[in-house]
Amino acid sequence: MFIQIKDFATHDGQKVSIRGWVYGRRSGGGVVFLQVRDGSGLCQCVVETATVDAFQKASELPRESSLTVSGVVRRDDRAPGGFELAVSAVEPIHLAEEYPITRKAHGIDFLMSHRHLWLRSRRPVAIMRIRHTVIKACRDFFDNRGFTLVDTPILVAGAGEDAQTLFPVEYFDGKAFLAQTGQLYLETACMALGKVYCFGPTFRAEKSKTRRHLTEFWMIEPEVAFAELDDVVMLAEDMICHVVDAVLCRHEDDLKFLGRDVEALRKVKKPFVRMTYAEVAENLRSEKTRKWLEDEILRDKIRLQGWIDELDELVKQVDAAKKATQKDKLQVQIHELKENIEDLEADLRNRPAHIASAQSFQFGSDLGGSDETIISRQFDKPVFVTDYPKQAKAFYMKESAVDSRLVRNMDLLAPEGYGEIIGGSQREENQDALVARMKEKGLNPEDYGWYLDVRKYGSVPHGGFGLGIERALSWICGLRHVRETIPFPRTMGRMYP
RNA sequence: UCCGGCGUAGCUCAAUGGUAGAGCGCUUGGCUGUUAACCAGGAUGUUACAGGUUCGAGCCCUGUCGCCGGAGCCA
């Protein structure tokens with residue numbers, strides 16, 4: 001009977017078979033320890049000389065060879081996971097060629113070039129599992145609240161938003177673009193079904209090379225009829241809480257394996273922080289924030305010096321280390337530490353400019369990445385920022401009734417400096433106002449006939465938002481770059497594999 | 001597009017302008033409980049590419065390419 005490794009605990013003492021791949025091998029004279037992974041988990045298979053055939057085969061299996069293993073599950077404290085397989089038979093399915101990815105240190109370039117193989121390693125597996133849960137939790141959340149999934153087109157006509165950020169594709173004799181949002185279509189669909197959402201890939205041709213950008217990413221976008229900005233904010237808040245709860249509930253081990261500070265995630269509870277753009281502007285310019293940021297620089301400089309001292313110490317230890325593995329482990333530590341040091345040094349170099357930019361923040365401009373970071377680092381919960389200046393935002397956002405310079409929009413900034421993970425708004429439901437806004441932005445209303453029709457036939461207040469799955473995951477998993485949150489990332493400089 | 005960093009063995013990295021090295025991985029042998037095992041031996045290089053300076057260049061200079069990070073823009 002084939003079982004999955006994750007189910008070992010319920011088969012203690014039973015004879016079972018597993019199918020999987022060789023993750024690692026160690027031998028101790030008359031015993032071979034095969035580490036086998038099957039996608040559900042990792043187990044230690046113990047092969048002794050007495051089982052002559054199995055011992056012979058197990059001794060010769062290169063890493064990542066596929067195989068079936070049969071034996072008896074038994075509890076053993078020496079086994080990782082608490083259970084191991086006492087092997088009676090090993091049947092290789094395919095003997096692997098020399099596997100390029102070792103269990104040692106690799107650089108990001110090498111790993112990204114071998115992403116198709118890297119996916120087999122524990123770290124990507126943990127992240128992919130969490131990604132699955134995040135997506136499922138989002139969909140469950142909407143399904144349980146009476147939303148209907150509506151798939152929006154990926155190929156769209158040219159005249160949309162700023163064409164410079166879209167990927168053009170040939171479309172028979174004409175030109176089309178890859179969609180960068182389903183929102184406009186969702187607005188029409190929510191007038192049919194009340195509450196709708198879409199989930200799919202989306203494309204941005206922006207030439208951004210940062211840890212927060214991909215050219216192809218996935219977004220979940222709800223759109224609700226009879227909703228105003230507060231309704232949209234509460235919806236987003238409930239959704240994020242639901243998603244974080246689901247991940248904490250199912251993936252505490254994965255999170256810990258990734259080195260995520262789980263306690264920080266537990267603080268993500270209602271209500272989140274709410275600030276208006278004006279409050280953010282005041283915060284950024286305030287003496288208090290400047291002081292806080294300068295103190296932070298001092299703290300980080302001390303932290304940096306600590307790391308540099310630690311690095312010196314490690315270098316000395318490498319020279320003194322006798323055992324080869326010890327040396328290797330130290331080198332890996334040195335590598336990680338160097339990366340952290342370089343990161344922090346770069347950050348510290350940029351910090352004065354960020355402070356200056358925050359201090360001189362002018363009403364009317366959009367929040368920059370550094371401004372978002374400054375705000376989100378001040379809180380341990382996500383922060384909603386609402387009511388941005390009209391000029392910095394898209395044409396379809398509802399003008400504020402209190403201040404005509406503002407729109408009723410919201411961004412959600414993830415804590416710990418991760419920045420924007422959600423952008424949304426109440427939409428302009430008045431046709432005349434919408435047409436006027438289009439003209440202000442230099443758009444031709446005639447290109448948006450179908451969109452304007454939503455405002456002609458029973459127009460109602462409505463709104464929604466878009467959650468960037470990869471950015472949310474990057475925050476939830478505590479990663480330094482979004483490229484690890486998607487199986488095959490597409491960035492400006494990489495299309496392979 | 002702009003600014004900065006990097007490019008040395010399959011991988012991660014060393015190497016005052018003066019004989020290209022270490023660890024891992026691979027491979028051969030040893031060991032009956034290993035935890036990124038350990039011990040002993042072995043093979044492994046167009047120092048990204050093209051020029052230049054120099055008695056001599058992995059190192060200095062110029063250009064090209066590739067990657068990484070940041071800015072702008074955004075999820």
Side-chain angles (χ1 to χ4, degrees), chain A residues 23-35 44 46-50 55 62-63 76-81 84 97-114 122 161-162 164-165 180-181 202-215 217-221 315 318-319 321 323-332 334-336 338-339 342-343 345-347 349-350 353-354 357 366-370 372 392 394 411-414 418-424 465-475 480-483 491-494:
Chain A
Y23 193 65
R25 189 182 67 218
R26 289 182 288 270
S27 62
V31 59
V32 172
F33 298 94
L34 274 187
Q35 280 180 292
Q44 170 166 293
V46 187
V47 194
E48 297 187 345
T49 36
F55 186 83
R63 296 179 59 241
D76 193 312
D77 290 339
R78 292 170 294 187
E84 63 184 16
E97 293 177 27
E98 187 180 333
Y99 192 64
I101 299 181
T102 69
R103 298 180 66 184
K104 313 286 175 170
H106 293 290
I108 191 63
D109 187 35
F110 178 81
L111 288 172
M112 275 302 163
S113 296
H114 295 80
R122 285 186 68 183
E161 298 186 40
D162 188 357
Q164 284 187 335
T165 67
Q180 60 169 357
T181 170
T202 179
F203 308 88
R204 304 281 164 95
E206 292 148 9
K207 293 186 174 174
S208 304
K209 298 201 291 184
T210 79
R211 62 188 66 191
R212 296 199 305 278
H213 288 88
L214 297 168
T215 51
F217 65 97
W218 290 66
M219 192 154 67
I220 195 153
E221 296 175 274
V315 170
V318 168
D319 294 339
K323 284 186 179 176
T325 343
Q326 228 168 23
K327 233 172 214 185
D328 191 44
K329 274 185 187 173
L330 287 167
Q331 281 188 354
V332 171
I334 286 171
H335 189 244
E336 278 173 10
K338 270 187 182 171
E339 212 167 61
E342 277 171 26
D343 242 37
E345 277 174 347
D347 201 21
R349 271 198 301 277
N350 288 332
H354 291 169
S357 142
D366 204 353
L367 296 180
S370 67
E372 287 178 0
D411 281 354
L412 181 64
L413 310 182
Y418 275 90
E420 186 178 358
I421 57 171
I422 284 179
F465 63 83
L467 168 78
I469 293 291
E470 287 77 17
R471 282 194 183 174
L473 264 164
S474 183
W475 160 57
R480 84 170 62 213
H481 200 300
V482 291
R483 68 186 154 213
T491 58
M492 227 182 108
R494 188 178 290 279

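What you are looking at is a predicted structure, and each value in this text was computed from that prediction instead of being measured. To find a chain, count down the sequence lines: A is the first, B the second, and so on, and within it residues start at 1.
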Practice problem: Identify whether any heavy atom of F110(A) sits under 4.0 Å from a base atom; if not, whether one sits that close to sugar-phosphate; answer base, sugar-phosphate or nothing. | Solution: sugar-phosphate
Quiz item: Choosing from G33(B), A75(B), A71(B), which nucleotide comes nearest the side chain of T210(A)?
Solution: A71(B)
Quiz prompt | Nearest-Å distance for atom pair CE/C1', residues M112(A) and G7(B) | solution = 19 Å
Practice problem: Using atom OH of Y23(A) as one end and atom P of G25(B) as the other, report the distance to the nearest whole Å. | Solution: 14 Å
Quiz item: Between S370(A) and S27(A), which has a closest nucleotide on RNA chain B that is more 5'?
Solution: S27(A)
Self-check item: Comparing S208(A) and R494(A) on RNA chain B - which has the more 5′ nearest nucleotide
Solution: R494(A)
Quiz item: The side chain of D76(A) lies closest to which of these nucleotides: G33(B), C74(B), G69(B)?
Solution: G33(B)
Quiz item: Among the nucleotides A36(B), G33(B), U12(B), which one has an atom lying closest to any side-chain atom of V31(A)?
Solution: G33(B)
Quiz item: In the strands shown, is C60(B) matched to any nucleotide by a Watson-Crick or G-U wobble pair with both distances under 3.5 Å, and which?
Solution: G52(B)
Quiz item: C11(B), C68(B), A71(B): which one has an atom nearest the side-chain heavy atoms of I108(A)?
Solution: C68(B)
Quiz item: What heavy-atom pair brings S474(A) and V482(A) nearest, and what distance separates the two atoms?
Solution: CB-CG1, 3.9 Å
Quiz item: Taking the side chain of K209(A) as its heavy atoms from C-beta onward, which of C26(B), C68(B), G72(B) lies nearest to it?
Solution: C68(B)
Quiz item: Can you tell me the Watson-Crick or wobble partner of A22(B), both distances under 3.5 angstrom?
Solution: U12(B)
Self-check item: Interatomic distance where CD1 belongs to I101(A) and P belongs to U12(B) [whole Å]
Solution: 11 Å
Practice problem: With the side chain counted from C-beta on, respond yes when D109(A) and R494(A) share a heavy-atom pair under 4.5 Å apart, and no when they do not. | Solution: yes
Self-check item: Rounded distance (Å) that lies between atom P of C73(B) and atom CZ of R211(A)
Solution: 19 Å
Quiz prompt | Distance, P atom - from G4(B) to G63(B), rounded to whole angstrom | solution = 12 Å
Quiz prompt | Residue T102(A), side-chain atoms from C-beta onward, closest of A36(B), C74(B), G25(B) | solution = G25(B)
Exercise. Counting heavy atoms from C-beta on, name the nucleotide in C74(B), G69(B), U1(B) closest to the side chain of K207(A).
Key: U1(B)
Practice problem: Over all heavy atoms of both residues, which pair between Q44(A) and P80(A) is shortest? Give the atoms and the distance, please. | Solution: OE1-CD, 3.6 Å
